[in-house]
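Read the structure below first, then the notes.
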Amino acid sequence: FEGRWLIEGRGVEPDLEVQNEPGEVLAGRDAQLETALVFLSEKTAAEPMPVPDAPPAYPNKAKASIAR
């Protein structure tokens, strides 16, 4: 870096810009969370995920007895 300042990258740009207003936060509301829940509800309604099959049987991880 030869004596120059290192500036970190910008990171990821949000898909939706939402501001949490201080008064709303103090009242217990979270605009970012509420917006995310609405977004996900609409997205899953438009693109439902398939229901997975039943999980496989739990494997038997017991050690075999040691013969003496």
Side-chain angles (χ1 to χ4, degrees):
F1 296 95
E2 303 171 11
R4 295 180 312 178
W5 285 96
L6 172 64
I7 305 297
E8 292 186 25
R10 279 185 58 96
V12 177
E13 294 290 326
D15 293 331
L16 302 170
E17 289 258 349
V18 180
Q19 297 297 322
N20 275 329
E21 298 296 328
E24 295 291 313
V25 172
L26 289 173
R29 295 194 61 212
D30 185 338
Q32 293 174 335
L33 178 60
E34 292 170 3
T35 302
L37 292 173
V38 169
F39 173 79
L40 291 174
S41 295
E42 292 171 355
K43 186 163 179 77
T44 54
E47 303 171 25
M49 299 277 299
V51 177
D53 297 330
Y58 190 77
N60 180 0
K61 294 184 179 183
K63 292 183 179 180
S65 60
I66 300 173
R68 292 183 180 224

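Quick note: residue numbers are just sequence positions, from 1. No experiment lies behind these values; they were computed from the predicted model shown.
The stretch residues 14-23 participates, sequence neighbours left out, in these side chain to side chain donor-acceptor pair (under 3.5 Å) pairs: Asn20-Asp30, Asn20-Gln32.
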Please tabulate, for the side chains in residues 34-45, all donor-acceptor contacts under 3.5 angstrom to protein atoms that are two or more places apart in sequence or on a different chain.
from: Glu34; atom 1: OE1; to: Arg29; atom 2: NH2; distance (Å): 2.6
from: Glu34; atom 1: OE2; to: Arg29; atom 2: NE; distance (Å): 3.3
from: Thr35; atom 1: OG1; to: Ala31; atom 2: O; distance (Å): 2.7
from: Ser41; atom 1: OG; to: Leu37; atom 2: O; distance (Å): 2.8
from: Thr44; atom 1: OG1; to: Leu40; atom 2: O; distance (Å): 2.9
from: Thr44; atom 1: OG1; to: Ser41; atom 2: O; distance (Å): 3.2

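Other members of the cluster containing Val51 do not exist, because no ILVMFWY side chain is joined to it at under 4.5 Å.
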